[in-house]
Amino acid sequence: MKLPLEFYLRKNVTTIAKDLLGKILCTRIKNATTSGMIIETEAYSCRERGSHAFRGKTKRNEVMYENGGIAYVYLCYGIHEMFNVVTNVKDKAEAVLIRALSPLDGTATMMQRMNTDSLKRITSGPGKLTKALNIDRSFNGMSLSNNELWIEDRGIAIHTKDIVCGPRIGIDYAGEDAKLPWRFYLKEPKQKSTII
DNA sequence: TACGTGATCACG
DNA sequence: GTGATCACGTAA
């Protein structure tokens, strides 16, 4: 079942980042469905220096200011498309970066898109999972409850004790805010046993 | 460990 | 207009 809009409209972005672990990110492109379980996320808020929205609204980050439940997709390092989930209500600019998935549906399609035979390599990074699911900047601002792009709950329960948190990756420029423990991921052993 | 790659944004 | 910078991935 697709996540309801209320899931995304909540005000605590770190809570949403944790709650997204174990949920399923899916795309359906030209009859090909691909998906994976979310196993790593990072929270971003306009209140801290790590966020694109820290300095206010720009053409790139404007969708972060919309109501939650839509996608924020941008190009990083000139090569990689990055997928974020916009959260909170209009004008409260917050988002959750999806950093890694555990592949579920359409693995053959994803491996073909990634030009590899290795399951482990297709969705193990923020730039890779977008390519595997065929997400690009044309998805920017798109609702997460339509038939092309959505996140669903398949009843996989994640315990707090199985969630590891730590500082976010690649934001050294954010000064003290780079130390915020706003990166969340699943412990390895549990991650395997929850995939059935 | 180095570097490709191009959009973005804070400057003029 | 320009230039430094960047929420990464890969090869080595």
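Throughout, protein chains are lettered first and strands after them, A, B, ... in sequence-line order, and every chain is numbered starting at 1. Keep in mind that what you see is a predicted model, and the values were worked out from it rather than measured.
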- Message: Check the phosphate of B/dA7 against A/Lys59, side-chain N and O only, distance under 4.0 Å to OP1 or OP2. Yes or no?
- Response: no
- Is there a side-chain contact between A/Arg99 and A/Pro126, using heavy atoms and a 4.5 Å cut-off? yes
- Nucleotide nearest A/Thr58 (side chain, heavy atoms from C-beta), chosen from B/dG4, B/dC9, C/dA7: B/dC9
- pair_partner(B/dG12), Watson-Crick or wobble, both distances < 3.5 Å, evaluates to none
- Message: Heavy atoms only, 4.0 Å cut-off, all strands: where does A/Arg60 land among base, sugar-phosphate and nothing?
- Response: sugar-phosphate
- Rounded interatomic separation in angstrom, taking CG from A/Leu75 and P from C/dT5: 19 Å
- Query: Between A/Leu21, A/Ile16, A/Thr14, which is the residue that forms a side-chain contact (heavy atoms from CB on, under 4.5 Å) with A/Thr41?
  - Reply: A/Leu21
- Task: Rounded to the nearest angstrom, tell me the gap between atom CE in A/Met64 and atom C1' in C/dA7.
- Result: 11 Å
- Whole angstrom is fine here: how far is it from CG in A/Asp136 over to C1' in B/dA7? 15 Å
- Above 12 or not: heavy atoms from other molecules or residues under 6.0 Å from CZ of A/Arg121? no
- Task: Let me know, please, whether A/Asn61 or A/Cys76 comes out on the 5' side of the other along DNA chain B by nearest nucleotide.
- Result: A/Cys76
- Message: Determine whether the aromatic ring of A/Tyr44 stacks with the base of C/dA7, defined as ring centroids separated by less than 5.5 Å and ring planes inclined by less than 30°.
- Response: yes
- Item | Separation of C/dC8 C1' from A/Glu42 CD (nearest whole Å) | 12 Å
- Query: Reckon A/Arg49 touches a base, only the sugar-phosphate, or nothing at all at heavy-atom distances under 4.0 Å?
  - Reply: nothing
- Item | Pairing nucleotide - B/dT5, Watson-Crick or G-U, each distance under 3.5 Å | none
- Query: Counting side-chain heavy atoms from CB outward, which of C/dA7, C/dG9, B/dA7 is closest to A/Pro126?
  - Reply: C/dG9
- Please give, in whole Å, the distance from B/dT8 C1' to A/Tyr74 OH? 12 Å
- Query: Can you tell me how far C1' of C/dC8 sits from CG of A/Leu97, to the nearest Å?
  - Reply: 11 Å
- Message: If you only use heavy atoms from C-beta on, which nucleotide in B/dA10, C/dA7, B/dG4 is closest to the side chain of A/Arg55?
- Response: B/dA10
- Message: Between the side chains of A/Glu94 and A/Arg47, is the shortest nitrogen-to-carboxylate-oxygen separation below 4.0 Å, so that they form an ion pair?
- Response: yes
- Item | Among C/dA7, B/dG4, C/dT10, the one nearest A/Ile79 by side-chain distance | B/dG4
- Query: Any idea which of B/dG4, C/dC8, C/dA7 is nearest the A/Ile169 side chain?
  - Reply: C/dC8
- Query: More 5' along DNA chain C: A/Arg121 or A/Tyr173, using each one's nearest nucleotide?
  - Reply: A/Tyr173
- Task: Decide, yes or no, whether a salt bridge links A/Glu66 with A/Lys90 under the criterion of side-chain N to carboxylate O below 4.0 Å.
- Result: yes
- Nearest whole angstrom, please: distance from the C1' of C/dG9 to the OH of A/Tyr77. 11 Å
- Hey, is the side chain of A/His52 poking within less than 4.0 Å of OP1 or OP2 on C/dA7, counting only N and O atoms? yes
- Message: Hydrophobic cluster membership, with links at side-chain heavy-atom distances under 4.5 Å among I/L/V/M/F/W/Y: are A/Val85 and A/Leu3 in one?
- Response: yes
- Separation of atom CD in A/Glu62 from atom C1' in B/dC9, rounded to whole Å: 14 Å
